[in-house]
J.: 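One structure coming up, written as structure tokens, with questions to follow.
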Amino acid sequence: MAISQLTSTLSKEEDKLLACIHCGLCLEACPTYVITGDENDGPRGRLYLMRAVGEGRLSNTSTAFEQHIDRCLGCRACEQVCPAGVEYGQLLEAARAELFSSAKQRGFSYRALRFALKHIWLHPARLKFAFALARFMRDSGVAGLLLKSGMARRLSRRFEFGLALLQSSSSKGGPRFKANGKHANETPRVPVQPNRNPAATSAMLFTGCVGEGLFSRVNKATARVLKVNGIQPSVPDTQVCCGALHAHAGDLAGARDLARQNIKAFSNIENLPIVTNAGGCGAMLASYGHLLSSDETFAADARRFSERIRDVSQILKPVGIKAEAGVTTERVTYDASCHLLYGQHAGEAPLEMLAAVAELNFVRLEGSERCCGGAGIYNLLEPDLSRRVLDEKLANIKASGANILATGNPGCQMQIGAGALLAGMNLKVCHSVELLDESYARAGMYSKD
Ligand code: SF4
Ligand code: SF4
């Protein structure tokens, strides 16, 4: 790889790279460093490698650079504890762009990822078809059968885990509440609580590709919960994938392409907040300002777009979440999505949303601020390290005694759900907003049918 091309992305980030003062305070916050104990699997070591590539002292095809950048979860826990304010997430994207543009032939998984990102994810009709196939596998029972029979495992562990991820997106994997059968429609039957935030009477809902493809029930729950809190959601039908998978894989051109389409899709009512229920998507959408900062046509619109992004828990907070009926006597815990916590800085808002559910038997989860190992499709690209990160999470969940785990990102739902499924744990995984939605339904405010 020629040095001139090497320096195309990381060398432009020189100021950000030089901000690191090498104090090492980030090391213990880094899940991969804690597991391997290898300095190069920690933020400081990775920053050294990035700097060496940016300065042309190390090739972006070197095994060390490839291996340790690939092994980063991108969880951004290191940013949170860094006293120098190193913008690690942006630097990681630049490093992954170096790997993406390198001429090096990479393994089958990475080549398959490139193919899917380019030939499926950038084409909404193909993506819709791919998710329809996935739902067929899940809902017809084929995925379950392959898992139960052990056939999936015999084919490969990676295939088995992929099927378990799919299976755990099923509503059967989520909490099963007893329907009381009293409600006939989604129209609120009780007076809607006065909205204390007059600026937020309407919002636009970002539904997400995985969100709409595999978790449409969560999008529906989000819309119902917004409505009952006095916020009328609209759903632009030309929206596309947020581009997080592309950005995390280093395909910045693909991510920018999707970002421009979303900015146009959400531009007809400029000032309305854009609500997401997926931490990964929300953090990506909030980074469009940075992603398109060099685009003369879109830079200003991208900045404004990013300022409008709110997680569902964040937009409900100033409105005042209605507390209604209790939903379950099973023990519930909460695991924070890294991108919700560190990317969107929503630490307390999701917990406040859960606290609005009356009679919730809630227990805090040890290590809830730690990554679950899902990290997009890291679980399929780096299965061994992902599994070790997940095992720690599952052990903490077991210790909590919880039967229901709420989180704020479909990737986390699938990762923890898949791990629990394969480990034979009695654990249902859901989105936090589903619990609030259920409490409203139980209070007779609407039907979910
Ligand atoms: S905490 Fe920040 S400044 Fe210190 S080593 Fe880590 S990234 Fe560098
Ligand atoms: S993003 Fe996460 S895995 Fe990567 S260096 Fe930072 S703390 Fe470690």
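It should be emphasised that the depicted structure is a prediction, and the values quoted were computed from it without experimental measurement. Every number for a ligand or one of its atoms is a count from 1 in the order of the listing.
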J.: So, 2.8 Å as the limit: is an N/O/S atom of C20 located closer than that to atom 4 (Fe) of ligand 1?
T.: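 It does not: C20 brings no N, O or S atom closer than 2.8 Å to atom 4 (Fe) of ligand 1.
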J.: Below 4.0 angstrom from a heavy atom of G74, which ligand 2 atoms are there? Numbered from 1 as shown, please.
T.: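 Those atoms are 1 (S), 4 (Fe).
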J.: Test of understanding: given a 4.0 Å heavy-atom threshold, classify the contact between Y33 and ligand 2 as side chain, backbone, both, or neither.
T.: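 Looking at Y33 and ligand 2, no heavy atom falls under 4.0 Å.
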J.: Which of these, D38, D41, N40, sits in a side-chain hydrogen bond (donor to acceptor under 3.5 Å, both in side chains) with R71?
T.: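 The option that passes is D41.
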J.: Any N/O/S atom, backbone or side chain, of C30 lying under 2.8 Å from atom 6 (Fe) of ligand 2?
T.: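 So C30 does not bind atom 6 (Fe) of ligand 2 by this criterion.
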J.: If we set the cut-off at 4.0 Å for heavy atoms, which region of L47 has an atom near ligand 1: side chain, backbone, both, or neither?
T.: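 The side chain, only.
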J.: Can the ring centroids of H248 and Y378 be said to lie less than 6.0 angstrom from one another?
T.: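 No, they do not, as the ring centres are separated by 6.0 Å or more.
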J.: Among all the protein's non-hydrogen atoms, which is closest to atom 6 (Fe) of ligand 2, and how far away is it?
T.: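 Ranking protein heavy atoms by distance from atom 6 (Fe) of ligand 2, first comes C78 SG, 2.4 Å.
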J.: With heavy atoms of P43 as the reference, note each atom of ligand 2 found under 4.0 Å away.
T.: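 The list of qualifying atoms is 5 (S).
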J.: Which atoms of ligand 2 have any heavy atom of R46 under 4.0 Å away?
T.: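 Listed by number with element, the hits are 3 (S), 4 (Fe), 5 (S), 8 (Fe).
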J.: Between CZ of R256 and CG of D251, what distance do you get to the nearest 0.5 Å?
T.: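 Answer for the CZ-CG pair, R256 versus D251, is 9.5 Å.
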J.: Can you tell me the protein heavy atom closest to atom 4 (Fe) of ligand 2 and the distance?
T.: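 For atom 4 (Fe) of ligand 2, the nearest protein heavy atom is C72 SG, 2.3 Å.
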J.: Only heavy atoms of L73, strictly under 4.0 Å: list the atoms of ligand 2 that pass.
T.: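 The list of qualifying atoms is 3 (S), 4 (Fe).
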J.: Distance under 4.0 Å to a non-hydrogen atom of R76: what atoms of ligand 2 satisfy this?
T.: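 So the answer, numbered in order with elements, is 1 (S), 2 (Fe).
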J.: Any luck finding a side-chain donor-acceptor pair between R46 and T32 under 3.5 Å?
T.: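 Yes, because at least one side-chain N or O of R46 sits under 3.5 Å from a partner of the opposite role on T32.
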J.: Please confirm whether P83 approaches ligand 1 to less than 4.0 Å, judged on its heavy atoms.
T.: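 It does, in that a heavy atom of P83 comes within the 4.0 Å cut-off of ligand 1.
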